[in-house]
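Let me begin by presenting the structure, written as C-alpha cells, before commenting on it.
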Amino acid sequence: MDFSRKPKIGMLFIGADRFRELGKDTADGSYEKRKEEEYKYFTSAVSEFADVITTGMTYTREQAEKTASEFIASKVDCIVVSFMSWAEDYPWISFLRSISPDIPLMLASVARDGIYITDTNDENQFIDFLSAGAIVGFLEASGSVKRFCRNKIQMQVGTLSEICEKIRVFSKAALARSILAKTTIGLLACYNEAMYSTYVDPYNVYSKLGARLKFLSVADLERKVSEVTQPETAGQIKRLCSLCKVHESVDMEKLAASVRATLAMEHLATENETDLLVLNDIDTTLFSHIGLRPGFSPLGTDYKTVTVPEGDIGGGLAVYILRILSGRTANFIEPFYINKTTNTFAAGHAGPNDYTEKMENVIIARDERFAKSKWKYAGAPFAWYVFPEGEKTMLHVSEENGKMKMVATVVECLPTKHYLASYSHADFRHKTIPCEELFRRIASAGVNQHFGIAPGNLLCELEMLATLMDFDFYNVSKMSPASVGGGGHFLNQRGIQSLTD
C-alpha cells in the first residue's frame with residue numbers, strides 16, 4: 001500500500017449565474033472575475049497538502065453534473081463544496097443527485113478576514129457585497145443536505161486558513177478510509193485462543209471497513225521457508241549486523257533461522273498482496289512447524305506490509321491506521337505496569353515490531369521468553385527495540401456489539417535504555433493525567449491490552465476518521481473522571497460518549 005500519496009480532493013465552487021456579468025466595468029472587475037480569483041486562491045492553498053480535482057467555477061446544472069462525473073472518474077477520497085455567494089440552488093441539487101452518498105463530503109463557507117463595505121450605492125462596493133455573501137449560499141445549501149438525508153456531511157465556517165486546516169484533517173481521514181477499503185489483511189494462521197477479547201467479526205471487517213481478510217496457513221509459511229536461499233539469508237544477516245548491535249548471547253545458527261523465517265513470512269505476505277499481516281506468534285502450530293516466531297520484519301525498505309503479533313486484528317488496525325495517518329512507522333504495544341514514583345508506565349511488546357525508524361535503538365538479542373522452551377530454535381534472536389522518544393498518539397481499536405471503537409490519547413515516550421529483555425519497549429507518561437487515572441478512563445471505554453503508537457498528535461484525524469467510518473470514538477483527555485466510576489459513579493456507554501464530544 002502507498003502510504004505516501006496525498007489525499008485526492010474534489011472541489012466544487014458554486015456561483016450565481018445571474019450575477020456573472022455584473023460589475024464588468026468596475027475597478028475590481030465583474031462578479032465572475034472576482035470569483036475566478038477567489039477559487040484559484042482557495043485551490044492553491046489546499047494544493048499544499050492535497051491533490052485537487054476541480055473544473056473551476058460552476059454556474060449551471062450541466063456544469064455540476066459534469067463535475068460530479070469528473071470526481072467519480074478521478075476516484076476522489078472526498079469532496080469539498082463551497083458556495084461562493086448566494087446562488088441558484090439547482091446546480092447543487094443536481095450535484096447531490098449525481099454523486100454517491102458514500103463519498104465523504106464537506107460543505108465549507110469561507111469568511112473573509114476583513115470586510116470593507118461602507119456604501120453600496122457605489123457599484124464596485126455593491127458587487128463586493130454580493131460577492132462576500134458566502135454564508136447566504138452555505139445556509140441555502142444546508143437545507144438540501146438534510147432533505148437528501150446526508151446526515152454525515154461535514155459543515156465548516158471560518159477564515160481560509162481555518163477552513164484549510166479543517167479540510168486537511170478531513171481529507172487525511174478520508175484518505176485513510178479509502179486505503180482501508182482497499183486493504184488486504186492476512187491472518188497467519190488464526191485468532192489467539194488465549195485472548196478471546198481481541199476477536200473481531202470477519203464479516204464486519206469486510207462489510208464495514210471494506211478490507212479483505214485472508215487466512216494464511218502455517219503450511220504455506222513452511223513451504224516458503226524451504227524456498228528461501230542461503231545467499232538471501234546471508235545477505236540479510238550481514239545487513240542487519242552492520243546496522244544493529246548484536247548481543248553476545250546470540251546463536252548465529254538460530255539468527256539465520258529467524259531471518260530465513262522472516263523472509264519466508266514476507267514472501268508469503270507479498271504473494272497474497274497483503275497490506276496488514278496479523279501473525280499469531282504464540283501459536284503452537286507455528287512453533288512446532290517453524291520452530292520459532294519470525295523476529296525481523298520488516299526486512300528492507302521495499303517491504304511495506306505492516307506486521308503485528310498475537311492474532312489481534314483490532315490491534316493491527318490500530319497500528320495500520322496510525323501508519324497511514326502519520327506517514328511514519330507505527331508500533332504495537334501493551335502497557336506493562338505503572339511506576340507511581342515517577343508517574344510513568346512501561347509499555348511494549350514481544351514479537352514483530354517495526355524497528356526501522358531508528359535502527360541504532362536495536363539490539364539483535366535472544367528471545368528470552370522462549371529460550372528454555374522445547375521448540376527447535378528456542379530463543380531464536382529478534383530485533384529488540386527501544387521506541388524513539390517524543391510525542392506519540394496511542395490508539396486502541398476493537399469491536400463491541402458489532403460496532404468498531406477507537407480509544408485514543410497522546411502520551412510522551414521518554415528516553416529509555418534497554419532493560420526489558422525480549423520486549424521492544426519504552427517508558428511513557430501523559431502530560432496532564434496521572435497514570436492511574438489515565439488507565440481508569442481507558443478501561444471505562446471497554447478495551448483489551450493492545451494499542452498502537454505513532455509519532456505526533458493525530459487525535460483530530462482519528463476523530464474525523466471515526467466519524468466517517470461510523471466508529472465510536474473516545475478521546476481519553478476529554479473524558480470526565482466521573483465517567484469512569486470515580487467516587488462510586490457509573491455511567492453507561494452513551495453517558496461516557498457524550499463526555500468525549
Side-chain angles (χ1 to χ4, degrees), residues 1-4 184-189 216 218 220-247 250-281 286 289-310 316 319-320 323 328-332 348-367 370 377 379-388 422-424 454:
M1 189 62 68
D2 181 8
F3 296 112
S4 63
T184 297
I185 302 172
L187 182 60
L188 179 60
L216 309 179
V218 173
D220 286 330
L221 178 60
E222 196 170 22
R223 170 176 56 82
K224 284 295 181 184
V225 169
S226 69
E227 295 173 359
V228 175
T229 66
Q230 193 280 331
E232 187 180 12
T233 302
Q236 287 293 348
I237 291 173
K238 183 178 179 180
R239 187 185 69 86
L240 287 168
C241 291
S242 71
L243 295 171
C244 310
K245 300 172 187 174
V246 181
H247 197 274
V250 167
D251 180 316
M252 295 306 290
E253 181 182 344
K254 292 181 178 180
L255 173 59
S258 185
V259 170
R260 186 166 56 248
T262 303
L263 285 166
M265 183 177 72
E266 293 186 350
H267 294 336
L268 179 62
T270 301
E271 182 180 89
N272 285 275
E273 300 180 324
T274 303
D275 303 297
L276 170 61
L277 182 63
V278 181
L279 172 68
N280 184 355
D281 63 328
L286 178 75
H289 284 259
I290 309 300
L292 51 78
R293 52 180 174 183
F296 290 98
S297 189
L299 283 170
T301 57
D302 294 336
Y303 181 71
K304 302 299 184 184
T305 299
V306 173
T307 305
V308 299
E310 294 202 345
V319 174
Y320 188 69
R323 176 74 177 83
R328 305 267 296 276
T329 59
N331 293 105
F332 188 95
H349 213 277
N353 234 317
D354 192 333
Y355 54 90
T356 57
E357 181 150 336
K358 197 170 184 180
M359 293 191 70
E360 59 266 36
N361 283 18
V362 176
I363 298 176
I364 297 174
R366 186 171 66 173
D367 189 347
F370 291 100
Y377 299 109
F382 70 109
W384 184 25
Y385 188 44
V386 166
F387 306 127
S422 293
Y423 294 86
S424 292

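Hydrogens, waters and symmetry mates play no part in the numbers below; they use all other heavy atoms, side chains included. Along the sequence shown, residues are numbered consecutively beginning with 1.
- Nearest heavy atom pair, residue H267 against residue V228, reads CD2-CG2, 4.1 Å.
- With hydrogens and angles ignored, the 3.5 Å screen pairs a side-chain donor or acceptor of Y355 with a backbone N or O of P298.
- Considering only heavy atoms from C-beta on, L243 stays 4.5 Å or farther from V362 through its side chain.
- Annotation for A256 and T233: closest pair O-CG2, 3.6 Å, computed over non-hydrogen atoms.
- Closest heavy-atom contact between V308 and G316: CG2-CA, 3.5 Å.
- Considering only heavy atoms from C-beta on, Y303 stays 4.5 Å or farther from T262 through its side chain.
- Heavy-atom contacts from other residues, nucleotides or ligands closer than 6.0 Å to CD of E360 number more than 12.
- Side-chain contact between N331 and Y385 is present, with at least one heavy-atom pair separated by less than 4.5 Å.
- Note that the CZ atom of F296 and the CZ atom of R239 stand 10.5 Å from one another [nearest 0.5 Å].
- Put simply, CG on L240 and CE on M359 are 6.0 Å apart, with the number rounded to the nearest 0.5 Å.
- Annotation: the span from E232 atom CD to E227 atom CD amounts to 10.5 Å, rounded to 0.5 Å.
- When side chains are defined from C-beta on, E266 does not count as touching T305, because their heavy atoms never get closer than 4.5 Å.
- Nearest approach of H247 to A365, heavy atoms of both residues: CB-CA, 4.1 Å.
- Contact of the F370 side chain with the L292 side chain is not registered, since no non-hydrogen atoms from C-beta on lie closer than 4.5 Å.
- Closest approach of D367 and A380 over heavy atoms only: CB-O, 3.3 Å.
- When side chains are defined from C-beta on, L188 counts as touching M265, because their heavy atoms get closer than 4.5 Å.
- Put simply, the side chain of S258 never gets that close to the backbone of L255: no donor and acceptor are under 3.5 Å apart.
- For the pair L216/L221, no side-chain contact is recorded, criterion being any heavy-atom separation below 4.5 Å from C-beta on.
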side-chain contact (heavy atoms from CB on, under 4.5 Å) evaluation trace for L286 with N280: CA-CA 8 Å; L286 178 75; N280 184 355; over 6 Å; no
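- Taking CG of L279 as the start and OG of S297 as the end, the distance is 9.0 Å to the nearest 0.5 Å.
- Annotation: the span from Q236 atom CD to C241 atom SG amounts to 11.0 Å, rounded to 0.5 Å.
- The main-chain N or O of A330 is never found under 3.5 Å from a side-chain atom of D354 such that the two would form a donor-acceptor pair.
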F382/N353 under side-chain contact (heavy atoms from CB on, under 4.5 Å): CA gap, chis, key distance, verdict: CA-CA 10 Å; F382 70 109; N353 234 317; over 6 Å; no
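- Using a 4.5 Å cut-off on side-chain heavy atoms (C-beta onward), D281 and E310 make contact.
- When every heavy atom of I364 is checked against every heavy atom of P381, the shortest pair comes out as CG2-CB, 4.0 Å.
- More than 12 heavy atoms of other shown residues, nucleotides or ligands fall within 6.0 angstrom of atom CD in E271.
- The CZ atom of F3 sits 5.0 Å away from the CZ atom of R323 when rounded to the nearest 0.5 Å.
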